Amino acid sequence: MILTNAVILTSDDQSPVADTLVIRDGRFDWVGRASDLPRNLDLPVVDLDGRTVIPGLIDAHSHPALVAMSGWHVQLPETQSVDELIDFIRDYGTAHPKEDAPYVYFEYFPTAVLGEGGATKELLDSAISDRPVLVQDAGGHASWVNTQMLELLGVDDTTPDPVPGLERFARDADGRPTGYIFENAHVRFLSRMYEILGWTPPEQPTPEIIRPVLDFLGSTGVVAVFDALIETPEVVAAMRELESRGDLHLHYEGAVRFRTLGDLPEALATVSALDDDSASSRVRVRTVKLFLDGTNELGSGAVLDPLLSEDNAGPLGAIQMELDDLAECMRLCNGAAVDLHIHMVGDRAFRTACDAVERARSRAEAEGDKWSLQVTFAHCELVDPADLARPAELGIIINWTNHWSGGYFGEEAAHHLGAHRWERMYDFSAIADAGARLTFSSDVVSAAELHRAAPFFGMQIAVTRIDPEVPLDPERFAESRRPAATASLSLAQLIRGYTIDAAVQLRIEKDYGSVSPGKLANLVVLSADPFSTPAHELATVHPTAVVFAGAVVSGSLPSPR
Ligand SMILES: [Zn+2]
(Lines give C-alpha, C1' and ligand atoms only; values in the text may rest on other atoms or scores of the structure.)
Protein backbone atom coordinates (compact mmCIF):
# COMPACT_ATOMS: atom_id res chain seq x y z
CA MET A 1 0.00 0.00 0.00
CA ILE A 2 1.12 3.56 -0.71
CA LEU A 3 -0.06 6.40 1.56
CA THR A 4 0.38 9.76 -0.06
CA ASN A 5 -0.61 13.42 0.14
CA ALA A 6 -0.03 13.42 3.91
CA VAL A 7 2.03 15.48 6.33
CA ILE A 8 4.09 12.71 7.86
CA LEU A 9 5.94 13.71 11.02
CA THR A 10 8.37 10.81 11.13
CA SER A 11 10.19 11.24 14.51
CA ASP A 12 13.25 10.25 12.42
CA ASP A 13 15.98 12.87 12.67
CA GLN A 14 17.38 11.80 9.27
CA SER A 15 14.26 13.06 7.50
CA PRO A 16 11.69 14.53 9.90
CA VAL A 17 8.93 15.27 7.39
CA ALA A 18 7.63 13.29 4.41
CA ASP A 19 4.43 13.22 2.35
CA THR A 20 4.40 9.65 1.08
CA LEU A 21 5.22 6.20 2.39
CA VAL A 22 5.12 2.65 1.13
CA ILE A 23 4.10 -0.30 3.29
CA ARG A 24 5.06 -3.82 2.27
CA ASP A 25 4.83 -7.00 4.35
CA GLY A 26 3.86 -5.03 7.44
CA ARG A 27 6.87 -2.72 7.33
CA PHE A 28 7.76 0.68 5.96
CA ASP A 29 9.42 -0.01 2.66
CA TRP A 30 10.00 3.57 1.59
CA VAL A 31 9.40 7.03 3.11
CA GLY A 32 9.89 10.35 1.33
CA ARG A 33 8.48 12.89 -1.13
CA ALA A 34 5.95 11.84 -3.74
CA SER A 35 8.16 13.35 -6.45
CA ASP A 36 10.90 10.86 -5.50
CA LEU A 37 8.62 7.82 -5.29
CA PRO A 38 10.05 4.89 -7.26
CA ARG A 39 8.02 4.31 -10.43
CA ASN A 40 6.17 1.16 -11.41
CA LEU A 41 5.09 0.24 -7.89
CA ASP A 42 2.09 -1.95 -8.43
CA LEU A 43 0.39 -1.12 -5.12
CA PRO A 44 -2.93 0.43 -4.08
CA VAL A 45 -2.62 4.17 -3.43
CA VAL A 46 -4.41 5.84 -0.50
CA ASP A 47 -4.75 9.62 -0.75
CA LEU A 48 -4.76 11.10 2.76
CA ASP A 49 -5.92 14.51 1.60
CA GLY A 50 -3.34 16.47 3.55
CA ARG A 51 -3.91 14.67 6.86
CA THR A 52 -1.21 14.63 9.54
CA VAL A 53 0.43 11.25 10.20
CA ILE A 54 2.60 10.44 13.22
CA PRO A 55 4.32 7.22 14.29
CA GLY A 56 2.36 4.82 16.50
CA LEU A 57 2.45 6.13 20.08
CA ILE A 58 4.10 4.44 23.05
CA ASP A 59 2.66 4.67 26.57
CA ALA A 60 5.85 4.22 28.59
CA HIS A 61 4.35 3.59 32.06
CA SER A 62 0.85 2.26 32.59
CA HIS A 63 -1.12 -0.51 34.28
CA PRO A 64 -3.46 -2.10 31.72
CA ALA A 65 -4.09 -5.22 33.81
CA LEU A 66 -4.88 -3.21 36.96
CA VAL A 67 -7.39 -1.18 34.94
CA ALA A 68 -8.90 -4.38 33.57
CA MET A 69 -9.25 -5.86 37.05
CA SER A 70 -10.79 -2.72 38.58
CA GLY A 71 -14.22 -3.04 36.96
CA TRP A 72 -15.89 -4.24 40.20
CA HIS A 73 -14.68 -1.23 42.21
CA VAL A 74 -17.41 1.11 43.42
CA GLN A 75 -17.04 4.81 42.57
CA LEU A 76 -17.55 7.23 45.44
CA PRO A 77 -19.06 10.65 44.81
CA GLU A 78 -16.48 13.40 44.34
CA THR A 79 -16.87 15.27 47.58
CA GLN A 80 -14.85 16.73 50.44
CA SER A 81 -17.71 15.97 52.87
CA VAL A 82 -16.93 13.08 55.21
CA ASP A 83 -20.62 12.72 56.13
CA GLU A 84 -21.59 12.39 52.49
CA LEU A 85 -18.95 9.67 51.94
CA ILE A 86 -19.97 7.71 55.02
CA ASP A 87 -23.66 7.96 54.05
CA PHE A 88 -22.87 6.74 50.53
CA ILE A 89 -20.87 3.78 51.83
CA ARG A 90 -23.60 2.89 54.36
CA ASP A 91 -26.34 3.09 51.71
CA TYR A 92 -24.28 0.94 49.36
CA GLY A 93 -23.84 -1.68 52.06
CA THR A 94 -27.59 -1.72 52.71
CA ALA A 95 -28.46 -2.02 49.02
CA HIS A 96 -25.83 -4.75 48.45
CA PRO A 97 -25.95 -7.22 51.34
CA LYS A 98 -22.98 -9.24 52.47
CA GLU A 99 -24.12 -12.32 50.52
CA ASP A 100 -23.93 -10.42 47.20
CA ALA A 101 -20.88 -8.29 48.00
CA PRO A 102 -18.65 -10.09 50.54
CA TYR A 103 -15.89 -7.50 50.09
CA VAL A 104 -16.46 -3.95 48.91
CA TYR A 105 -13.77 -1.80 47.31
CA PHE A 106 -14.54 1.91 47.00
CA GLU A 107 -12.51 4.58 45.19
CA TYR A 108 -11.54 7.36 45.98
CA PHE A 109 -11.38 9.13 49.34
CA PRO A 110 -9.95 12.67 49.58
CA THR A 111 -6.75 12.53 51.64
CA ALA A 112 -6.93 16.31 52.11
CA VAL A 113 -9.84 15.90 54.55
CA LEU A 114 -9.34 12.27 55.54
CA GLY A 115 -5.66 11.72 56.16
CA GLU A 116 -3.76 9.42 58.48
CA GLY A 117 -5.48 10.89 61.53
CA GLY A 118 -9.04 10.89 60.19
CA ALA A 119 -9.39 7.74 58.11
CA THR A 120 -9.83 5.28 60.97
CA LYS A 121 -11.30 1.80 61.03
CA GLU A 122 -13.91 2.98 63.56
CA LEU A 123 -15.19 5.67 61.19
CA LEU A 124 -15.50 3.15 58.36
CA ASP A 125 -17.14 0.62 60.74
CA SER A 126 -19.84 3.23 61.33
CA ALA A 127 -20.83 2.74 57.65
CA ILE A 128 -20.20 -1.00 57.11
CA SER A 129 -18.96 -3.37 59.79
CA ASP A 130 -20.31 -6.80 58.79
CA ARG A 131 -17.69 -7.51 56.09
CA PRO A 132 -14.33 -6.21 54.86
CA VAL A 133 -14.30 -2.79 53.21
CA LEU A 134 -11.44 -0.94 51.57
CA VAL A 135 -11.45 2.66 50.36
CA GLN A 136 -8.65 3.74 48.02
CA ASP A 137 -7.16 7.22 47.78
CA ALA A 138 -6.93 8.97 44.41
CA GLY A 139 -3.14 8.57 44.20
CA GLY A 140 -3.36 4.80 44.62
CA HIS A 141 -0.83 4.74 47.45
CA ALA A 142 -3.04 4.99 50.57
CA SER A 143 -5.90 2.74 51.66
CA TRP A 144 -8.50 2.98 54.41
CA VAL A 145 -9.97 -0.24 55.79
CA ASN A 146 -12.43 -1.30 58.47
CA THR A 147 -11.99 -3.58 61.47
CA GLN A 148 -13.29 -6.70 59.67
CA MET A 149 -10.73 -6.22 56.94
CA LEU A 150 -7.79 -5.97 59.35
CA GLU A 151 -9.01 -9.09 61.16
CA LEU A 152 -9.38 -11.09 57.95
CA LEU A 153 -5.98 -9.92 56.73
CA GLY A 154 -4.59 -11.14 60.04
CA VAL A 155 -2.94 -7.78 60.67
CA ASP A 156 -2.62 -6.61 64.28
CA ASP A 157 -0.13 -5.01 66.69
CA THR A 158 2.22 -8.00 66.31
CA THR A 159 2.39 -7.78 62.50
CA PRO A 160 5.63 -6.19 61.29
CA ASP A 161 5.34 -3.54 58.58
CA PRO A 162 6.45 -5.01 55.23
CA VAL A 163 8.82 -2.06 54.71
CA PRO A 164 9.18 0.04 57.87
CA GLY A 165 8.61 3.74 57.23
CA LEU A 166 7.21 3.23 53.75
CA GLU A 167 5.04 0.16 53.10
CA ARG A 168 3.30 0.17 56.47
CA PHE A 169 0.18 0.18 58.61
CA ALA A 170 -0.50 3.43 60.47
CA ARG A 171 -0.69 2.62 64.18
CA ASP A 172 -1.92 4.12 67.41
CA ALA A 173 0.29 4.73 70.46
CA ASP A 174 -0.01 1.05 71.40
CA GLY A 175 1.04 -0.17 67.97
CA ARG A 176 -2.46 -1.23 66.92
CA PRO A 177 -3.27 -0.62 63.23
CA THR A 178 -5.66 2.33 62.88
CA GLY A 179 -7.11 1.33 59.51
CA TYR A 180 -4.93 3.65 57.41
CA ILE A 181 -2.43 1.87 55.16
CA PHE A 182 0.52 3.21 53.20
CA GLU A 183 1.83 1.83 49.90
CA ASN A 184 -0.64 -1.06 49.71
CA ALA A 185 1.02 -2.88 52.61
CA HIS A 186 -2.12 -5.05 52.83
CA VAL A 187 -1.71 -6.63 49.41
CA ARG A 188 0.54 -9.44 50.57
CA PHE A 189 -2.09 -10.44 53.18
CA LEU A 190 -5.04 -10.49 50.76
CA SER A 191 -4.83 -14.16 49.80
CA ARG A 192 -5.51 -15.08 53.46
CA MET A 193 -8.61 -12.89 53.42
CA TYR A 194 -9.90 -14.31 50.13
CA GLU A 195 -9.35 -17.83 51.44
CA ILE A 196 -11.40 -17.20 54.59
CA LEU A 197 -14.13 -15.49 52.56
CA GLY A 198 -14.10 -18.28 49.98
CA TRP A 199 -14.26 -15.54 47.38
CA THR A 200 -12.00 -13.87 44.83
CA PRO A 201 -12.52 -10.64 42.90
CA PRO A 202 -14.75 -11.18 39.88
CA GLU A 203 -12.19 -9.83 37.45
CA GLN A 204 -9.16 -12.04 37.04
CA PRO A 205 -6.43 -11.22 34.50
CA THR A 206 -7.85 -13.22 31.62
CA PRO A 207 -7.46 -12.36 27.92
CA GLU A 208 -11.17 -11.46 27.79
CA ILE A 209 -10.89 -9.00 30.68
CA ILE A 210 -7.67 -7.37 29.49
CA ARG A 211 -8.46 -7.10 25.80
CA PRO A 212 -10.94 -4.17 25.98
CA VAL A 213 -8.36 -2.07 27.84
CA LEU A 214 -5.71 -2.78 25.20
CA ASP A 215 -8.23 -2.09 22.44
CA PHE A 216 -9.05 1.25 24.04
CA LEU A 217 -5.36 2.17 24.18
CA GLY A 218 -5.06 1.07 20.56
CA SER A 219 -7.96 3.30 19.52
CA THR A 220 -6.05 6.29 20.95
CA GLY A 221 -3.02 5.51 18.76
CA VAL A 222 -0.98 3.44 21.25
CA VAL A 223 1.06 0.65 19.61
CA ALA A 224 3.25 -0.25 22.60
CA VAL A 225 2.74 -0.13 26.34
CA PHE A 226 5.07 -0.51 29.30
CA ASP A 227 3.27 -2.30 32.15
CA ALA A 228 5.07 -0.79 35.13
CA LEU A 229 4.18 -3.67 37.44
CA ILE A 230 3.25 -7.23 36.54
CA GLU A 231 0.87 -8.08 39.41
CA THR A 232 0.83 -11.78 38.60
CA PRO A 233 2.38 -14.02 35.91
CA GLU A 234 -1.17 -14.66 34.66
CA VAL A 235 -1.07 -11.18 33.12
CA VAL A 236 1.84 -12.17 30.89
CA ALA A 237 0.12 -15.45 30.05
CA ALA A 238 -3.02 -13.52 29.05
CA MET A 239 -0.98 -11.24 26.77
CA ARG A 240 0.64 -14.29 25.14
CA GLU A 241 -2.76 -15.88 24.67
CA LEU A 242 -4.04 -12.72 22.95
CA GLU A 243 -0.91 -12.71 20.81
CA SER A 244 -1.39 -16.31 19.75
CA ARG A 245 -5.04 -15.61 18.86
CA GLY A 246 -3.93 -12.68 16.69
CA ASP A 247 -5.74 -10.27 19.01
CA LEU A 248 -2.73 -8.37 20.41
CA HIS A 249 -2.34 -5.22 18.34
CA LEU A 250 0.44 -3.66 20.34
CA HIS A 251 3.78 -4.47 21.89
CA TYR A 252 3.63 -5.30 25.62
CA GLU A 253 6.64 -4.82 27.85
CA GLY A 254 6.26 -5.70 31.54
CA ALA A 255 8.25 -5.10 34.72
CA VAL A 256 8.74 -7.37 37.76
CA ARG A 257 8.78 -5.72 41.17
CA PHE A 258 11.55 -6.07 43.76
CA ARG A 259 11.91 -4.33 47.12
CA THR A 260 15.41 -4.91 48.45
CA LEU A 261 18.89 -5.89 47.37
CA GLY A 262 18.11 -9.26 48.99
CA ASP A 263 15.12 -10.05 46.81
CA LEU A 264 16.54 -8.67 43.55
CA PRO A 265 18.08 -12.02 42.46
CA GLU A 266 14.66 -13.67 42.69
CA ALA A 267 13.11 -10.85 40.65
CA LEU A 268 15.84 -11.19 38.02
CA ALA A 269 15.12 -14.92 37.83
CA THR A 270 11.40 -14.17 37.42
CA VAL A 271 12.22 -11.80 34.57
CA SER A 272 14.13 -14.43 32.68
CA ALA A 273 11.42 -17.02 33.37
CA LEU A 274 8.65 -14.73 32.06
CA ASP A 275 10.47 -13.32 29.03
CA ASP A 276 10.23 -14.76 25.56
CA ASP A 277 13.09 -13.50 23.43
CA SER A 278 12.05 -15.11 20.17
CA ALA A 279 12.30 -12.57 17.38
CA SER A 280 8.58 -12.36 16.70
CA SER A 281 7.46 -12.00 20.33
CA ARG A 282 5.37 -8.96 21.13
CA VAL A 283 5.28 -9.78 24.83
CA ARG A 284 8.55 -9.05 26.56
CA VAL A 285 9.73 -8.87 30.18
CA ARG A 286 13.15 -7.25 30.47
CA THR A 287 12.80 -4.83 33.38
CA VAL A 288 12.63 -4.79 37.17
CA LYS A 289 10.72 -2.11 39.06
CA LEU A 290 11.55 -0.48 42.38
CA PHE A 291 9.45 1.93 44.43
CA LEU A 292 12.13 4.18 45.92
CA ASP A 293 9.71 6.36 47.91
CA GLY A 294 5.97 7.09 48.29
CA THR A 295 3.86 10.01 47.09
CA ASN A 296 4.08 13.75 47.67
CA GLU A 297 0.34 13.87 48.36
CA LEU A 298 0.78 11.55 51.35
CA GLY A 299 3.99 13.24 52.50
CA SER A 300 5.85 9.97 51.95
CA GLY A 301 8.31 11.16 49.33
CA ALA A 302 12.02 11.16 50.26
CA VAL A 303 12.98 14.85 50.42
CA LEU A 304 16.16 16.89 50.96
CA ASP A 305 14.57 19.49 53.24
CA PRO A 306 12.16 18.65 56.06
CA LEU A 307 8.50 18.04 55.38
CA LEU A 308 6.07 20.47 56.98
CA SER A 309 3.92 17.61 58.22
CA GLU A 310 4.98 15.18 60.92
CA ASP A 311 4.41 11.47 60.64
CA ASN A 312 6.40 8.48 61.77
CA ALA A 313 8.34 8.24 58.51
CA GLY A 314 10.54 11.09 59.79
CA PRO A 315 11.08 14.67 58.66
CA LEU A 316 12.85 13.75 55.41
CA GLY A 317 10.32 11.09 54.45
CA ALA A 318 11.25 7.47 53.83
CA ILE A 319 13.49 5.97 51.20
CA GLN A 320 13.30 2.32 50.27
CA MET A 321 17.01 1.96 49.67
CA GLU A 322 20.09 4.06 50.36
CA LEU A 323 22.93 4.70 47.95
CA ASP A 324 25.10 1.63 48.64
CA ASP A 325 22.32 -0.91 48.11
CA LEU A 326 20.85 0.91 45.13
CA ALA A 327 24.22 1.10 43.35
CA GLU A 328 24.72 -2.60 44.02
CA CYS A 329 21.25 -3.36 42.59
CA MET A 330 22.24 -1.48 39.46
CA ARG A 331 25.46 -3.50 39.20
CA LEU A 332 23.46 -6.74 39.43
CA CYS A 333 20.91 -5.55 36.85
CA ASN A 334 23.68 -4.51 34.49
CA GLY A 335 25.28 -7.94 34.83
CA ALA A 336 21.95 -9.67 34.18
CA ALA A 337 21.11 -7.42 31.19
CA VAL A 338 17.81 -6.46 32.86
CA ASP A 339 16.74 -2.81 32.85
CA LEU A 340 15.63 -0.84 35.89
CA HIS A 341 12.51 1.32 36.27
CA ILE A 342 12.35 3.36 39.48
CA HIS A 343 9.31 5.06 41.00
CA MET A 344 10.35 8.27 42.76
CA VAL A 345 8.65 11.52 43.70
CA GLY A 346 10.94 13.36 46.14
CA ASP A 347 14.15 15.28 45.48
CA ARG A 348 16.19 13.11 47.86
CA ALA A 349 15.07 9.96 46.06
CA PHE A 350 16.04 11.60 42.76
CA ARG A 351 19.49 12.59 44.01
CA THR A 352 20.17 9.21 45.62
CA ALA A 353 19.22 7.44 42.40
CA CYS A 354 21.42 9.76 40.29
CA ASP A 355 24.32 9.13 42.69
CA ALA A 356 23.73 5.39 42.41
CA VAL A 357 23.81 5.46 38.61
CA GLU A 358 27.00 7.54 38.70
CA ARG A 359 28.68 5.16 41.13
CA ALA A 360 27.54 1.93 39.48
CA ARG A 361 28.51 3.15 36.04
CA SER A 362 31.99 4.36 37.01
CA ARG A 363 32.67 1.12 38.94
CA ALA A 364 31.60 -0.97 35.98
CA GLU A 365 33.83 1.01 33.68
CA ALA A 366 36.76 0.87 36.13
CA GLU A 367 36.40 -2.90 36.31
CA GLY A 368 36.26 -3.19 32.54
CA ASP A 369 32.59 -4.25 32.50
CA LYS A 370 30.35 -2.99 29.76
CA TRP A 371 27.72 -0.55 31.09
CA SER A 372 24.55 -1.21 29.16
CA LEU A 373 21.98 -0.80 31.94
CA GLN A 374 19.12 1.46 31.02
CA VAL A 375 17.67 3.22 34.03
CA THR A 376 14.33 5.02 33.82
CA PHE A 377 13.17 7.33 36.58
CA ALA A 378 9.37 7.56 36.69
CA HIS A 379 7.45 10.57 38.09
CA CYS A 380 10.37 12.71 39.39
CA GLU A 381 7.87 15.25 40.68
CA LEU A 382 10.30 17.26 42.77
CA VAL A 383 13.90 17.68 41.60
CA ASP A 384 16.50 19.90 43.21
CA PRO A 385 17.77 22.54 40.73
CA ALA A 386 21.32 21.22 41.22
CA ASP A 387 20.30 17.85 39.76
CA LEU A 388 18.39 18.95 36.66
CA ALA A 389 21.28 18.33 34.24
CA ARG A 390 22.24 14.96 35.69
CA PRO A 391 19.83 12.72 33.70
CA ALA A 392 21.41 13.99 30.48
CA GLU A 393 24.94 13.48 31.83
CA LEU A 394 24.18 10.02 33.17
CA GLY A 395 22.00 8.75 30.32
CA ILE A 396 18.96 8.38 32.59
CA ILE A 397 15.54 8.32 30.91
CA ILE A 398 12.87 10.42 32.63
CA ASN A 399 9.26 9.28 32.41
CA TRP A 400 6.44 11.71 33.15
CA THR A 401 2.71 11.12 33.31
CA ASN A 402 1.76 14.22 31.37
CA HIS A 403 -1.95 14.29 32.25
CA TRP A 404 -0.87 15.04 35.84
CA SER A 405 0.64 18.39 34.73
CA GLY A 406 -2.40 20.42 35.78
CA GLY A 407 -4.67 20.02 38.79
CA TYR A 408 -5.19 16.24 38.95
CA PHE A 409 -3.62 15.93 42.40
CA GLY A 410 -4.72 19.39 43.47
CA GLU A 411 -2.66 21.11 46.13
CA GLU A 412 -2.45 18.16 48.51
CA ALA A 413 1.32 17.93 48.22
CA ALA A 414 1.60 21.54 49.40
CA HIS A 415 0.47 20.46 52.89
CA HIS A 416 3.67 18.45 53.19
CA LEU A 417 6.07 20.38 50.97
CA GLY A 418 4.92 24.00 51.34
CA ALA A 419 3.94 26.33 48.52
CA HIS A 420 7.47 27.00 47.34
CA ARG A 421 8.33 23.40 46.65
CA TRP A 422 4.81 22.67 45.34
CA GLU A 423 5.32 25.33 42.69
CA ARG A 424 8.57 23.71 41.56
CA MET A 425 6.94 20.31 41.01
CA TYR A 426 6.34 18.80 37.56
CA ASP A 427 8.89 21.03 35.81
CA PHE A 428 10.76 19.00 33.20
CA SER A 429 11.81 21.84 30.94
CA ALA A 430 15.38 22.19 32.28
CA ILE A 431 15.85 18.40 32.29
CA ALA A 432 14.81 18.32 28.63
CA ASP A 433 16.86 21.40 27.72
CA ALA A 434 19.94 19.71 29.17
CA GLY A 435 19.42 16.94 26.61
CA ALA A 436 17.85 14.08 28.58
CA ARG A 437 15.47 11.66 26.96
CA LEU A 438 11.91 12.28 28.21
CA THR A 439 9.17 9.69 27.76
CA PHE A 440 5.47 10.02 28.53
CA SER A 441 2.79 7.84 29.98
CA SER A 442 -0.73 7.51 31.33
CA ASP A 443 -0.05 5.56 34.57
CA VAL A 444 -3.77 4.75 34.79
CA VAL A 445 -4.73 2.19 37.43
CA SER A 446 -8.52 2.03 37.28
CA ALA A 447 -11.32 1.97 34.75
CA ALA A 448 -12.58 5.29 36.14
CA GLU A 449 -9.54 7.13 34.79
CA LEU A 450 -8.83 5.06 31.68
CA HIS A 451 -10.16 7.77 29.36
CA ARG A 452 -7.31 10.02 30.58
CA ALA A 453 -4.81 7.64 28.96
CA ALA A 454 -5.58 9.15 25.52
CA PRO A 455 -2.20 10.66 24.58
CA PHE A 456 -3.58 13.91 23.17
CA PHE A 457 -5.56 14.49 26.37
CA GLY A 458 -2.31 14.30 28.34
CA MET A 459 -0.49 16.41 25.77
CA GLN A 460 -3.07 19.18 26.12
CA ILE A 461 -2.53 19.32 29.88
CA ALA A 462 1.27 19.22 29.57
CA VAL A 463 1.18 22.12 27.11
CA THR A 464 -1.45 24.25 28.90
CA ARG A 465 -0.84 23.17 32.54
CA ILE A 466 -4.64 23.25 32.89
CA ASP A 467 -6.64 20.11 33.70
CA PRO A 468 -10.05 20.42 31.99
CA GLU A 469 -11.60 17.80 34.32
CA VAL A 470 -9.91 18.65 37.61
CA PRO A 471 -9.13 22.38 37.47
CA LEU A 472 -7.20 24.17 40.20
CA ASP A 473 -9.09 26.88 42.07
CA PRO A 474 -9.48 29.67 39.45
CA GLU A 475 -9.66 32.31 42.21
CA ARG A 476 -6.09 31.51 43.13
CA PHE A 477 -4.67 30.30 39.82
CA ALA A 478 -5.52 32.33 36.72
CA GLU A 479 -7.51 30.10 34.32
CA SER A 480 -6.70 27.25 36.76
CA ARG A 481 -3.23 27.12 35.22
CA ARG A 482 -0.69 25.34 37.35
CA PRO A 483 2.50 27.29 38.07
CA ALA A 484 5.01 27.71 36.72
CA ALA A 485 3.71 28.51 33.24
CA THR A 486 7.30 28.15 32.00
CA ALA A 487 7.10 24.42 32.81
CA SER A 488 4.81 23.94 29.82
CA LEU A 489 6.16 21.24 27.50
CA SER A 490 6.24 21.74 23.74
CA LEU A 491 4.13 19.60 21.46
CA ALA A 492 7.23 18.60 19.50
CA GLN A 493 8.88 17.43 22.72
CA LEU A 494 5.77 15.48 23.68
CA ILE A 495 5.47 13.68 20.35
CA ARG A 496 9.15 12.81 20.44
CA GLY A 497 8.71 11.44 23.96
CA TYR A 498 5.69 9.38 22.90
CA THR A 499 7.53 7.89 19.93
CA ILE A 500 11.25 7.46 19.35
CA ASP A 501 12.41 8.21 22.89
CA ALA A 502 9.85 5.83 24.39
CA ALA A 503 10.92 3.16 21.90
CA VAL A 504 14.44 3.49 23.29
CA GLN A 505 13.11 3.09 26.86
CA LEU A 506 11.34 -0.14 25.86
CA ARG A 507 14.34 -1.25 23.75
CA ILE A 508 12.12 -1.62 20.71
CA GLU A 509 13.58 1.21 18.60
CA LYS A 510 14.69 -1.25 15.91
CA ASP A 511 11.03 -1.78 15.01
CA TYR A 512 9.10 1.06 16.70
CA GLY A 513 9.16 4.78 17.39
CA SER A 514 9.51 6.37 13.95
CA VAL A 515 8.27 6.22 10.41
CA SER A 516 11.51 4.92 8.95
CA PRO A 517 12.24 2.38 6.21
CA GLY A 518 12.58 -1.10 7.67
CA LYS A 519 10.56 -0.50 10.83
CA LEU A 520 7.16 -2.03 11.53
CA ALA A 521 4.48 -0.04 9.73
CA ASN A 522 2.89 1.56 12.81
CA LEU A 523 1.26 4.92 12.29
CA VAL A 524 -1.58 7.14 13.34
CA VAL A 525 -3.61 9.29 10.93
CA LEU A 526 -4.89 12.28 12.92
CA SER A 527 -8.21 14.07 12.69
CA ALA A 528 -6.44 17.44 12.66
CA ASP A 529 -2.96 18.93 12.54
CA PRO A 530 -2.02 19.20 16.23
CA PHE A 531 0.47 21.99 15.50
CA SER A 532 -2.25 24.25 14.15
CA THR A 533 -4.81 23.21 16.79
CA PRO A 534 -5.19 25.66 19.71
CA ALA A 535 -3.41 24.22 22.75
CA HIS A 536 -6.60 24.07 24.83
CA GLU A 537 -8.26 21.93 22.13
CA LEU A 538 -5.48 19.38 21.66
CA ALA A 539 -7.51 16.71 23.46
CA THR A 540 -9.98 16.79 20.55
CA VAL A 541 -7.27 15.56 18.16
CA HIS A 542 -7.84 11.85 17.68
CA PRO A 543 -6.87 9.06 15.33
CA THR A 544 -9.04 8.48 12.27
CA ALA A 545 -6.94 5.40 11.56
CA VAL A 546 -4.37 3.44 13.54
CA VAL A 547 -2.12 1.10 11.59
CA PHE A 548 -0.17 -1.60 13.43
CA ALA A 549 2.33 -3.79 11.59
CA GLY A 550 0.74 -2.73 8.30
CA ALA A 551 -2.88 -3.53 9.28
CA VAL A 552 -5.60 -1.04 10.22
CA VAL A 553 -6.49 -1.92 13.83
CA SER A 554 -8.73 1.06 14.63
CA GLY A 555 -10.70 3.54 12.50
CA SER A 556 -10.32 3.37 8.74
CA LEU A 557 -8.29 4.69 5.82
CA PRO A 558 -9.87 6.27 2.74
CA SER A 559 -10.51 3.77 -0.07
CA PRO A 560 -7.48 3.23 -2.31
CA ARG A 561 -7.50 4.35 -5.92
ZN1 LIG B 1 2.54 3.43 37.94
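Since this is a predicted model, take the numbers as computed values, not measurements. In listed order, ligands and their atoms are each counted from 1. Position 1 is the first residue of the sequence; numbering continues from there.
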Please test Tyr426 against Trp404 for ring pair (Phe, Tyr, Trp, His ring centres under 6.0 Å), starting from the C-alpha separation and ending with a verdict. CA-CA 8 Å; Tyr426 308 170; Trp404 296 351; 7.5 Å; no
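Every residue meeting the side-chain contact (heavy atoms from CB on, under 4.5 Å) condition with Glu358, not counting sequence neighbours, appears here in chain and number order: Arg390, Leu394.
Because its NZ or CZ atom is both nearer than 6.0 Å to the ring centre of Trp422 and within 45° of the ring axis, Arg482 counts as a cation-pi partner of that residue. Note that Arg452 lies in the cation-pi zone of Tyr408, set by a 6.0 Å cut-off to the ring centre and a 45° limit from the axis.
For the Zn ion (ligand 1), protein N, O or S atoms closer than 2.8 Å were enumerated as His61 NE2, His63 NE2, Asp443 OD1, with waters left out.
Each of His343, His341, His379 was scored for a ring-ring contact (aromatic ring centres under 6.0 Å, His included) with Phe291, with one residue passing: His343. With Arg259 as reference, Glu167 is the one residue of Glu183, Glu266, Glu167 to meet the salt bridge (Lys or Arg N to Asp or Glu O under 4.0 Å) rule.
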